[in-house]
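Just so you know, residue 1 is the first one in the sequence shown, and it goes up from there.
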Amino acid sequence: MSMARRTNQCLFNAKQALNESEGLSDSVVQRRLEEAALFHIYTAINSYMVEVCRHYALPPFASIESLFDQVQLPAELSELAVLSQDSASWLSACLKLYRKVLMEGLGDNRPADSLITSQSDFNALFRNWLIELEKLINRQRELYLEC
């Protein structure tokens, strides 16, 4: 499977999890699906970075942080690195929440870090991150595939 296809598959899985979690009355199932969506968004980010690294014949990376610590990165990865350092960006928030969820989960129907105010906001938040990620990937793919 190509890396672009793998990235697209992760994006699709995130959308599916968000669609399934919408409007559920069972908060435990809804939370499980929202966590799955976050996992797939994170995996799509990681997969896209691998895709770009392979395109530019860069060596594999151990973690997102180690990749961003490299001195000379292609423009696509530099843009992601800048976003990850900007505490107000969707990418920074996504990476932070993903690390938190690994240790604690999204919680027992409580908002995580006061980022959101209700359970349904997780769905909206993740959907917004997914939209931003897809826009970034589509724009960057157009540019690097022209090279």
Next on the checklist: Would L11 and S47 count as a side chain to side chain contact (heavy atoms under 4.5 Å, CB included) here? Give the steps.
Outcome noted: CA-CA 10 Å; L11 294 168; S47 179; over 6 Å; no
Checklist entry - Is there any salt bridge (Lys or Arg N to Asp or Glu O under 4.0 Å) pair reaching into residues 127-137, and which pairs are they, with sequence neighbours excluded? => result K15-E134, E22-R127, E132-K135
Checklist outcome for this item: With L80 as partner, the option from L136, I64, V52 fulfilling side chain to side chain contact (heavy atoms under 4.5 Å, CB included) is L136
Checklist outcome for this item: From the list T7, L91, I45, side chain to side chain contact (heavy atoms under 4.5 Å, CB included) partner of L133 resolves to I45
Checklist entry - If you count the non-hydrogen atoms of other residues, nucleotides and ligands that lie under 6.0 Å from CZ in R139, is the total more than 12? => result yes
Checklist entry - Counting heavy atoms not belonging to R99, are there more than 12 under 6.0 Å from its CZ? => result yes
Checklist entry - side chain to side chain contact (heavy atoms under 4.5 Å, CB included) between N128 and L125: does it pass, once the steps are laid out? => result CA-CA 5 Å; N128 287 336; L125 179 68; 5.7 Å; no
Euclidean distance, [Y] [atom2] relative to [X] [atom1], rounded to 0.5 Å:
X: S92; Y: Q85; atom1: OG; atom2: CD; answer: 7.5 Å
X: N19; Y: L33; atom1: CG; atom2: CG; answer: 10.5 Å
X: I41; Y: L97; atom1: CD1; atom2: CG; answer: 9.5 Å
X: K96; Y: S89; atom1: NZ; atom2: OG; answer: 11.5 Å
X: T43; Y: Q9; atom1: OG1; atom2: CD; answer: 10.5 Å
X: N123; Y: L130; atom1: CG; atom2: CG; answer: 10.5 Å

Next on the checklist: Using the rule that Ile, Leu, Val, Met, Phe, Trp and Tyr join whenever any side-chain heavy atoms are under 4.5 Å apart, tell me whether F39 and L102 fall into a single cluster.
Outcome noted: yes
Item to check | E51/R141 salt bridge by N-O under 4.0 Å criterion | outcome: yes
Next on the checklist: I'd like to know if R32 pairs up with E20 as an ion pair, taking the criterion as any Lys NZ or Arg NE/NH1/NH2 lying under 4.0 Å from an Asp or Glu carboxylate oxygen.
Outcome noted: no
Next on the checklist: Could you report the tightest heavy-atom contact between A37 and F126, atom names first, then the distance?
Outcome noted: CB-CD1, 4.4 Å
Checklist entry - Looking only at heavy atoms, which two atoms of L73 and S78 are closest? And how far apart? => result O-OG, 3.4 Å
Is the shortest side-chain heavy-atom distance between [X] and [Y] below 4.5 Å?
X: H40; Y: F12; value: no
X: P74; Y: L58; value: yes
X: C53; Y: L67; value: yes
X: Y48; Y: Q140; value: yes

Item to check | E76 side chain to Y56 side chain, donor-acceptor N/O pair below 3.5 angstrom | outcome: yes
Next on the checklist: Hydrogens and angles aside, do S21 and Q30 bring a side-chain donor and acceptor to less than 3.5 Å of each other?
Outcome noted: no
Checklist entry - side chain to side chain contact (heavy atoms under 4.5 Å, CB included) between L18 and F122: does it pass, once the steps are laid out? => result CA-CA 9 Å; L18 290 172; F122 280 121; over 6 Å; no
Checklist entry - Distance-only, no hydrogens or angles: does the S84 side chain make a donor-acceptor pair with backbone N or O of A81 under 3.5 Å? => result yes
Item to check | Sequence neighbours excluded - ring pair (Phe, Tyr, Trp, His ring centres under 6.0 Å) pairs with any residue from residues 76-101 | outcome: Y42-Y98
